[in-house]
Amino acid sequence: MRGGLAKRVGTPDSVEVIDFHSMPDGRRIAFRHRAGSGPTIVFLPGYMSDMAGGKATALFDWAGGAGRACLLLDYSGCGASDGDFADGTLSRWRDEVMALIEAQVEGEVVLVGSSMGGWLMLLVGLALGERLAGMVGIAAAPDFTQWGFDAAQRATLARGEPVFEDNPYGPDPTPTFPAFWRDGQANRLLDAPIAVRCPVRLLHGQADRDVPWDTSLRLAERLESPDVVVTLVKDGDHRLSRDADIARLIGTVETLP
């Protein structure tokens with residue numbers, strides 16, 4: 001069920017309709033859904049990102065031309081959704097993604113996760129069970145609450161204090177709040193086999209300064225699926241959002257069932 005009125009954004013020549021799904025506590029989650037054939041493609045943005053990003057919109061536009069079903073969303077506290085970003089956690093956002101899939105999607109799902117969205121992709125995939133038809137990770141960053149912070153930062157977060165870091169993508173520092181960090185530590189996956197058995201494709205730039213590219217290799221080893229392919233892009237950065245990167249992403253999605 002859709003839990004709110006649609007919102008129209010954009011210029012008169014290019015209007016996009018954003019719908020809203022109401023969670024049990026009343027917070028509204030913004031989404032865009034396009035009906036079509038095949039397993040529904042669900043894009044999961046990265047940390048502090050939303051469905052207006054270049055990869056998400058390119059995938060949504062391609063899906064429209066290809067007749068594929070596609071779902072985009074903003075996590076609570078991000079984009080057009082309700083909420084405070086400081087309240088966001090992986091578990092909270094996983095539950096929002098699952099609620100939208102249950103409400104909007106019939107049949108199987110292909111998850112596409114970017115950076116933190118690649119970690120969330122794994123958590124959602126585990127919850128989906130047999131409905132999971134495939135996954136595509138873009139600089140997937142599972143367990144970054146551990147390897148992404150030094151000992152002093154982890155101690156600060158453990159004391160209940162936020163950590164702020166320089167943001168290469170904008171003027172304001174990037175915050176990490178204690179609730180997100182604690183939840184992330186409780187949802188680490190790379191220390192044990194991951195019970196995902198569908199086809200998985202992992203794309204990673206070797207010039208990525210945010211997520212070490214060998215993270216995708218570690219993830220490939222932990223996934224129980226025998227059908228895992230890692231593609232390394234030697235000059236690719238963290239975002240992998242150049243025209244060639246977008247074409248590679250779409251081509252990768254096309255190869256999945």
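These values consider heavy atoms only, across backbone and side chains, with no hydrogens, waters or symmetry-generated copies. Position 1 is the first residue of the sequence, and the numbers go up from there.
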Which word best sums up how the rings of F85 and Y47 line up, parallel for under 30°, tilted for 30 to 60°, or perpendicular for over 60°?
perpendicular
Give a yes or no on this: more than 12 heavy atoms of other residues, nucleotides or ligands lie within 6.0 Å of atom [atom1] of [X].
X	atom1	answer
D84	CG	yes
R209	CZ	no
E254	CD	yes
D150	CG	yes

Co-membership, hydrophobic cluster, residues [X] and [Y], 4.5 Å side-chain:
X	Y	result
V229	L223	no
M98	V105	yes
L126	I101	yes
M135	L217	yes

What pair of heavy atoms forms the shortest contact from [X] to [Y], and how long is it?
X	Y	answer
F20	A80	CE2-O, 3.4 Å
P175	F164	CB-CE2, 3.5 Å
A103	H21	CB-CE1, 3.7 Å
D245	R242	OD2-NE, 2.7 Å
Y75	G117	OH-CA, 4.1 Å
G134	C198	CA-SG, 3.7 Å

[X] side, atom [atom1]; [Y] side, atom [atom2] - distance, nearest 0.5 Å:
X	Y	atom1	atom2	answer
L111	L44	CG	CG	5.5 Å
L71	T40	CG	OG1	7.5 Å
R182	L90	CZ	CG	13.5 Å
D214	D208	CG	CG	10.5 Å
Q146	L190	CD	CG	10.5 Å
L120	W93	CG	CH2	8.5 Å

Taking the side chain as every heavy atom from C-beta outward, state whether [X] and [Y] have any pair of such atoms under 4.5 Å apart.
X	Y	value
F180	T145	yes
R68	S37	yes
M51	I18	yes
S114	F43	yes
I246	K55	yes
L203	V233	no
R201	L256	yes
D87	F177	no

Checking T156 against E161 for the side chain to side chain donor-acceptor pair (under 3.5 Å) test, could you report, in this order, the C-alpha distance in whole Å, the side-chain angles of both residues, the deciding distance, and whether it holds?
CA-CA 6 Å; T156 297; E161 302 172 17; 5.0 Å; no
What I want to check is whether the side chains of [X] and [Y] have a donor and an acceptor closer together than 3.5 Å.
X	Y	value
S91	N187	yes
H204	T215	no
R248	T231	no

Run the salt-bridge test on D143 and R222 with the 4.0 Å N-O cut-off and return the result as yes or no.
no
Would you call R27 and D25 a salt bridge, taking side-chain N to carboxylate O under 4.0 Å as the test?
yes
Walk me through it: do I41 and W62 pass the test side chain to side chain contact (heavy atoms under 4.5 Å, CB included)?
CA-CA 11 Å; I41 301 161; W62 166 80; 3.5 Å; yes
For R131 and E102, run salt bridge (charged side-chain N to carboxylate O under 4.0 Å, His left out): C-alpha distance rounded to whole Å, both residues' side-chain angles, the deciding distance at 0.1 Å, then the answer.
CA-CA 11 Å; R131 293 187 67 186; E102 290 298 323; 3.3 Å; yes
Flag, side chain of [X] to backbone of [Y], donor-acceptor distance under 3.5 Å:
X	Y	answer
N167	D172	yes
W119	R188	no
S81	A30	yes

D74/R32 under salt bridge (charged side-chain N to carboxylate O under 4.0 Å, His left out): CA gap, chis, key distance, verdict
CA-CA 9 Å; D74 291 340; R32 297 174 67 196; over 6 Å; no
Steps toward side chain to side chain contact (heavy atoms under 4.5 Å, CB included) verdict (L249, L240):
CA-CA 9 Å; L249 169 61; L240 288 180; over 6 Å; no
Could you go through D82 and S76, starting from their C-alpha distance and side-chain angles, then the distance that decides it, and tell me whether this counts as side chain to side chain contact (heavy atoms under 4.5 Å, CB included)?
CA-CA 5 Å; D82 292 345; S76 58; over 6 Å; no
